[in-house]
Amino acid sequence: MTSRRFRRLRLTETTRLLVRETQLSPHDLIQPFFVMEGKDKARLIPSMPGIEALSIDRLLGEIESYMQMGGRAGLFFGIPQKKDLSGHHAIDEKAIIPSAIRAIKKNFPEFLVISDVCLCAYLKHGHCGVLNGHIIDNDATLPLLSQMATAHAKAGADFVAPSDMMDFRISHIRQAMDKKGLSDTGIISYAVKYASSFYGPFRDAVDSAPEFGDRKSYQMDYANIKEAVKEAQQDVFEGADIVMVKPALAYLDAIAKINESVNVPVAAYHVSGEYSMIKAASQKMWIDEKRVVIESLTSIKRAGAKIIFTYYAKEALPWIIANQ
Ligand code: PBG
């Protein structure tokens with residue numbers, strides 16, 4: 001009998017690299033940024049060590065240093081000073097995110113700008129859509145999302161990324177942007193977004209925890225995979241250029257399934273809680289931060305995500321570059 005010795009392909013680093021199937025690239029990563037109003041302001045986010053909310057002037061410096069590390073793309077979240085019940089501050093062309101986009105594109109035209117489109121940080125009650133009683137009104141929310149996306153696109157966003165999980169928002173946004181001559185602005189859809197407790201630290205950062213109830217009537221049940229395929233296929237049909245699965249590590253099966261089910265690039269969001277867990281354990285020196293991060297991101301890519309949104313992007317870039 002021929003001897004099957006698996007170790008022959010594992011014996012040296014050169015052989016291991018020769019047969020390695022998944023290699024992270026600096027091109028894969030997108031860093032999320034939190035933008036706040038005011039001048040020369042920075043606010044630490046206690047549950048996300050190393051991540052700060054920054055005013056636009058400080059943000060430009062942070063982007064410059066990220067670009068010096070090899071960063072090329074960012075996802076932007078606004079922290080508005082004022083919230084209301086109508087979403088007015090989300091759709092205003094002078095709002096925090098359109099202003100940030102204009103400043104970024106003026107200073108770094110080649111930096112890829114992706115803007116998060118959702119109302120939760122702008123509405124007093126913290127839900128992702130406007131209310132009708134205690135019901136989140138899907139169809140009344142669509143025009144607001146379209147106006148928000150159009151304001152971002154007009155300001156120069158390369159992609160808008162709707163994260164609200166209302167039905168039919170992709171086609172609504174696509175048509176609204178096309179009507180305004182913004183057909184070159186792409187859509188990265190948070191298509192498969194689970195109602196997850198891993199978003200906790202993010203909600204601290206932007207103060208968007210819902211005032212009552214939860215997001216289970218519009219975000220997906222984490223016990224389900226069939227509707228993940230329906231959601232992703234529907235968003236591609238409606239015009240999404242890229243579809244995202246979120247969170248990442250607890251949902252590698254969903255990433256793999258979606259990658260088989262659609263013919264557009266798949267992204268995954270390694271979310272705030274996933275970041276905070278690694279940070280907390282590594283600050284206690286219970287795990288090796290760098291190795292755990294590279295292993296996590298490689299696994300997300302191996303599952304089928306070509307694009308990874310992660311708060312570790314800036315830190316991981318030099319590790320990945322050194323590893324190539
Ligand atoms: C807004 C939004 C959320 C995240 C991205 N966009 C929070 C939520 O749905 O509650 C989560 C990001 C993270 O946890 O890093 N709807």
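Remember, it's 1-based here, ligands and their atoms both numbered in the order they're listed.
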Interatomic spacing from CE in Met48 to OG in Ser276 - rounded to 0.5 Å: 5.0 Å
Working to the nearest 0.5 angstrom, can you tell me the gap between Arg58 CZ and Arg43 CZ? 13.0 Å
So which protein heavy atom does [atom] come closest to, and at what separation?
{"atom": "atom 6 (N) of ligand 1", "result": "Ser163 OG, 3.3 Å"}
{"atom": "atom 9 (O) of ligand 1", "result": "Lys193 NZ, 2.7 Å"}
{"atom": "atom 11 (C) of ligand 1", "result": "Lys246 NZ, 2.8 Å"}

What pairs with Glu37 under salt bridge (Lys or Arg N to Asp or Glu O under 4.0 Å), at least two apart in sequence or on another chain?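 Here no residue qualifies.
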For ligand 1, which atoms sit closer than 4.0 Å to a heavy atom of [X]?
{"X": "Val271", "value": "13 (C), 14 (O), 15 (O)"}
{"X": "Phe77", "value": "5 (C), 6 (N)"}
{"X": "Cys128", "value": "16 (N)"}
{"X": "Cys118", "value": "1 (C), 16 (N)"}
{"X": "Asp116", "value": "6 (N)"}
{"X": "Cys120", "value": "1 (C), 16 (N)"}
{"X": "Tyr311", "value": "12 (C), 13 (C), 15 (O)"}

Taking the minimum heavy-atom distance to atom 10 (O) of ligand 1, which of His127, Arg203, Met165 ranks first? Arg203
Nearest-option assignment for atom 7 (C) of ligand 1, heavy atoms, candidates Tyr194, Tyr269, Tyr218, Phe202: Phe202
When His125, Lys83, Arg215, His127 are each screened for side chain to side chain contact (heavy atoms under 4.5 Å, CB included) with Cys120, the one that passes is Arg215
Using a 4.0 Å heavy-atom cut-off, say whether [X] meets ligand 1 through its side chain, its backbone, both or neither.
{"X": "Pro32", "value": "neither"}
{"X": "Asp164", "value": "neither"}
{"X": "Ser272", "value": "both"}
{"X": "Tyr275", "value": "neither"}

Identify, with sequence neighbours excluded, every residue that meets side chain to side chain donor-acceptor pair (under 3.5 Å) alongside Asp235. Arg169, Ser189
Aromatic ring proximity, centroids under 6.0 angstrom, Phe34 and Phe77: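 Yes - the distance between ring centres of Phe77 and Phe34 falls below the 6.0 Å cut-off.
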Taking the ring centre of each residue, are His134 and Phe212 less than 6.0 Å apart? yes
Polar side chain donor-acceptor pair, Tyr312 to Glu289, under 3.5 angstrom: yes
For Tyr269 and Tyr311, which I'm curious about, is there any donor-acceptor pair between the side chains at under 3.5 Å?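 Yes - a donor-acceptor pair under 3.5 Å links their side chains.
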Do Lys246 and Phe309 form a cation-pi contact, if we require the NZ or CZ to be under 6.0 Å from the six-membered ring centre and within 45 degrees of the ring's axis? no
Is the closest heavy-atom distance from Glu274 to ligand 1 below 4.0 Å? no
Going by the salt bridge (Lys or Arg N to Asp or Glu O under 4.0 Å) test, name the single residue among Lys154, Arg102, Lys180 that passes it with Glu93.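 In the set Lys154, Arg102, Lys180, the residue that makes a salt bridge (Lys or Arg N to Asp or Glu O under 4.0 Å) with Glu93 is Lys154.
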